[in-house]
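For reference, the structure is listed below as structure tokens.
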Amino acid sequence: MIEGPYYVLVLLGVLGTGLVAGVFCGFSTFVMRGLASLPPAQGVAAMNAINRAALAPAFMLVFAGPAVLCAMIAVVTFVVWPDDGKVELLLGSGLYLFGSFGLTAMANVPRNEALARLDPGTSEAVSYWPVYVREWTLWNHVRTVASAAAAVVYVLALS
């Protein structure tokens with residue numbers, strides 16, 4: 001059984017990865033659908049505004065905080081190498097660090113940057129918008145599942 005400060009660290013990992021899964025799920029299930037229903041120029045402008053707002057410290061703490069926790073959990077797991085839950089702890093850390101945090105950097109952020117370079121009213125933006133929505137949302141689904149799976153696997157490590 002995981003105990004003491006290590007237990008608290010993993011519990012915070014569950015909460016953090018679960019919170020991010022919820023944010024991503026909201027985007028996948030209704031935010032992107034709502035934005036996609038707008039005329040392309042409005043959708044591009046709205047998504048660019050959302051992407052700028054996401055750089056605020058509050059969201060960055062919600063998103064990057066669990067990455068720090070997951071890295072700490074992985075390091076502590078390698079150092080302590082507990083009898084119980086080591087596979088789950090390493091798997092949960094990997095799911096979030098690679099499937100959520102890393103995937104964001106590799107798939108979603110480049111698309112956000114490409115969208116930000118476009119003037120919402122141009123024909124280029126209008127033609128890119130449906131591609132952006134489809135591809136960004138697909139990768140967001142993966143991030144949602146990876147973040148939720150990390151939370152579930154961490155819970156299994158605690159049981």
Side-chain angles (χ1 to χ4, degrees), residues 1-38 43-116 132-159:
M1 177 81 181
I2 299 170
E3 299 175 336
Y6 196 31
Y7 178 87
V8 173
L9 184 65
V10 176
L11 184 60
L12 290 173
V14 170
L15 294 173
T17 57
L19 176 61
V20 171
V23 171
F24 289 162
C25 183
F27 264 85
S28 281
T29 58
F30 60 88
V31 173
M32 294 308 290
R33 287 178 188 221
L35 293 174
S37 72
L38 295 172
V44 170
M47 189 66 187
N48 281 336
I50 289 169
N51 288 335
R52 285 189 301 273
L55 298 175
F59 179 72
M60 292 312 296
L61 178 64
V62 166
F63 179 62
V68 172
L69 288 168
C70 290
M72 290 172 59
I73 291 167
V75 168
V76 171
T77 300
F78 275 118
V79 170
V80 174
W81 205 253
D83 292 332
D84 296 323
K86 66 181 158 250
V87 170
E88 293 87 349
L89 294 169
L90 294 174
L91 180 58
S93 295
L95 281 165
Y96 190 81
L97 290 170
F98 296 103
S100 181
F101 196 79
L103 187 59
T104 298
M106 299 298 294
N108 295 83
V109 169
R111 285 168 175 78
N112 293 345
E113 291 170 346
L115 191 69
Y132 172 89
V133 169
R134 183 179 60 255
E135 292 176 353
W136 192 97
T137 303
L138 170 69
W139 290 115
N140 193 64
H141 291 335
V142 175
R143 297 187 309 170
T144 301
V145 171
S147 299
V152 168
V153 173
Y154 279 160
V155 167
L156 293 173
L158 292 174
S159 58

ask   = Are Ile2 and Leu89 close enough, and set up right, to give a side chain to side chain contact (heavy atoms under 4.5 Å, CB included), and what steps lead you there?
value = CA-CA 11 Å; Ile2 299 170; Leu89 294 169; 3.9 Å; yes
inquiry  = Quick check: closest heavy atoms across Ala157 and Glu88, and the distance to 0.1 Å?
reply    = CB-CB, 3.6 Å
Heavy-atom side-chain contact between Arg33 and Thr29 under 4.5 Å = no
ask   = Is the shortest heavy-atom distance from the side chain of Ile50 to the side chain of Leu35 under 4.5 Å?
value = yes
Spacing of OG belonging to Ser28 relative to CH2 belonging to Trp139, to within rounding of 0.5 Å = 13.0 Å
task = Rounded to the nearest 0.5 Å, what's the gap from CH2 on Trp136 to CE on Met47? Could you check?
result = 4.0 Å
ask   = How about Val75 and Phe78: do any of their side-chain heavy atoms sit closer than 4.5 Å?
value = no
request  = Grab the two heavy atoms, one from Val10 and one from Ile73, that are nearest each other, plus how far apart they are.
outcome  = CA-CD1, 3.9 Å
ask   = What is the distance from atom CE of Met32 to atom OG of Ser37, rounded to the nearest 0.5 Å?
value = 11.0 Å
inquiry  = Would you compute the distance between atom OH of Tyr154 and atom CG of Leu69 and round it to the nearest 0.5 angstrom?
reply    = 8.0 Å
inquiry  = A quick test of your reading: do over 12 heavy atoms of other residues, nucleotides or ligands sit less than 6.0 Å from CZ of Phe59?
reply    = yes
inquiry  = If we count only N and O atoms by modelled type, under 3.5 Å, do the side chains of Asn140 and Arg143 hold a donor and an acceptor together?
reply    = yes
ask   = What closest approach, in Å, do Ser147 and Val20 show between heavy atoms, and which atom pair accounts for it?
value = OG-CG1, 3.8 Å
inquiry  = Main chain of Ala149, side chain of Tyr96: is a donor-acceptor contact present, judged purely on distance under 3.5 Å?
reply    = no
task = Show your working on side chain to side chain contact (heavy atoms under 4.5 Å, CB included) between Val62 and Leu19 and close with a plain yes or no.
result = CA-CA 8 Å; Val62 166; Leu19 176 61; 3.6 Å; yes
Point-to-point distance, once rounded to the nearest 0.5 Å, from CG of Leu90 to SG of Cys70 = 11.0 Å
message = For a quick test of reading the model, state the closest non-hydrogen atom pair linking Thr104 to Ser100 and the distance between them.
response = OG1-O, 2.7 Å
message = To the nearest 0.5 Å, what is the distance between CG on Leu138 and CG on Asn108?
response = 9.5 Å
query = Between Ala46 and Leu38, what is the shortest heavy-atom contact and its length?
reply = CB-CD1, 4.4 Å
key: Note, Phe24 side chain near Phe63 side chain (heavy atom, < 4.5 Å)   = yes
message = So for atom CE, which belongs to Met60, do other residues, nucleotides or ligands contribute more than 12 heavy atoms lying within a distance under 6.0 Å?
response = yes
remark   = Closest non-hydrogen atoms of Ala21 and Ala148, given as atom of the first, atom of the second and distance, are CB-N, 3.5 Å
